[in-house]
Engineer: 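Dumping the structure here so I can ask a few things about it.
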Amino acid sequence: MSGEIETKRIPKLNLGRFPTPMYELARLGGALGRRILVKRDDLSGVSTGGNKVRKLEYLLYDAVDQGADIVLTTGGAQSNHAMLTAACCNMLCLEAMLVLKGRGVMGRAGNLMIDELLGAEVRFVDTDSYGDVYAEMARIEDGLRAKGRRPYHIPVGGSVPLGTLGYVDCAREIFSDALEAGVKIDRIVCTAGSGGTMAGLLLGALLYGDGCRVTGVAVDDGPFEDVVAELVNGAAELLGRGDVHISASDADVYPCFGAGYARPSKAGLEAIRLAAKTEGLILDPVYTGKTMAGLVEMCGNGKIGAHETVVFLHSGGIASVFAIDPADIVE
Ligand SMILES: *Cc1c(COP(=O)(O)O)cnc(C)c1O
């Protein structure tokens, strides 16, 4: 960590259990020929854990501050973000409504089961497009306001500049733990799903990382470079650090989405088995498994240099392990 750099303090709630552990994965690192550490944000301490808790600490502070009495958010049927929003809202006695994008969703495995246990109101929009979902959310929110309610809207993944600040905090933890352990981190590898996690880590690395790179493994086909640059710059503004400004080409995105978002891939499943077999570490088929597959690939093709020390962010997602349909597994 390159000294304490002045940033504006943005208020947040205390919902998770931080700092999360970080430690070396010696056997996995041995298998890949690199020094690899894991940052366990799957152990963030709310419900089944995961990365959205850090974002929600900022977003829900804002919701409470604005006097909201119901929080609406969205995601896919197995959305970890939606589930964690409902869990955090329960801690704050706020109502949560999850407007999920899903065609013909059957049963209630994985996160849908947890959503039900949490008592969240779940509605499905039968579409493939978030445009349709946001239109429906706007209708619902107008209806709520007409009844005197005060809805607070969180977009998919909580990936807005305010939520991104949660991962600036995570980067700070990583560098301060590394400093204490006497380890120099060369690169952080994380998932790029809606972009906020990668953006926060990248901004944190620029502020505190002493040259550390951030590589986001894309688990969806999208223009992540643009999204990430916008979030980095927006979050930097919030911190009063408009002097930190990046362009899309500064975002290092490595694609590893297989047949598409939330479609389990063979490489992803092999990577899940590798982490499970070497370290007893369980990754998920939608995000962290594919991210590990990307890490394995980058060690194989030399994108990650032989002498690098890498932190792999475990961002959660365990519940979707219980919702895999083996018939969905494709190349
Ligand atoms: C949402 C999510 C991600 C991706 O984070 P983004 O900030 O949306 O890019 C990674 N892993 C898990 C388990 C998630 O739920």
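For ligands, and for the atoms within them, numbers begin at 1 and follow the listed sequence. Start at 1 with the first residue, then count along the sequence.
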Engineer: Partners of Leu238 by side-chain contact (heavy atoms from CB on, under 4.5 Å), sequence neighbours excluded?
Structural biologist: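 Counting only residues at least two positions away or on another chain, Leu238 forms a side-chain contact (heavy atoms from CB on, under 4.5 Å) with Pro161, Leu162, Leu165.
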Engineer: Salt bridge check: are Asp169 and Lys12 linked by an N-O gap of less than 4.0 Å?
Structural biologist: yes
Engineer: Checking Asp69 now: which residues fulfil side-chain contact (heavy atoms from CB on, under 4.5 Å) with it, not counting sequence neighbours?
Structural biologist: Arg149, Arg150
Engineer: Taking NZ, NE, NH1 and NH2 as the nitrogens, is one of them in Asp142 or Lys147 under 4.0 Å from a carboxylate oxygen of the other?
Structural biologist: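 A salt bridge is absent here (no side-chain N lies under 4.0 Å from a carboxylate O).
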Engineer: Identify whether the distance between the nearest side-chain nitrogen and carboxylate oxygen of Lys55 and Glu57 falls below 4.0 Å.
Structural biologist: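 No, Lys55 and Glu57 are not salt-bridged.
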Engineer: With sequence neighbours excluded, give me every ring pair (Phe, Tyr, Trp, His ring centres under 6.0 Å) pair touching residues 142-162.
Structural biologist: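 Listed by first then second residue: Tyr134-His153.
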Engineer: Ligand 1: which residues have a non-hydrogen atom closer than 4.0 Å?
Structural biologist: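 Residue list for ligand 1: Asn51, Lys52, Lys55, Asn80, Ser159, Thr191, Ala192, Gly193, Ser194, Gly195, Gly196, Thr197, Tyr287, Ser315, Gly316, Gly317.
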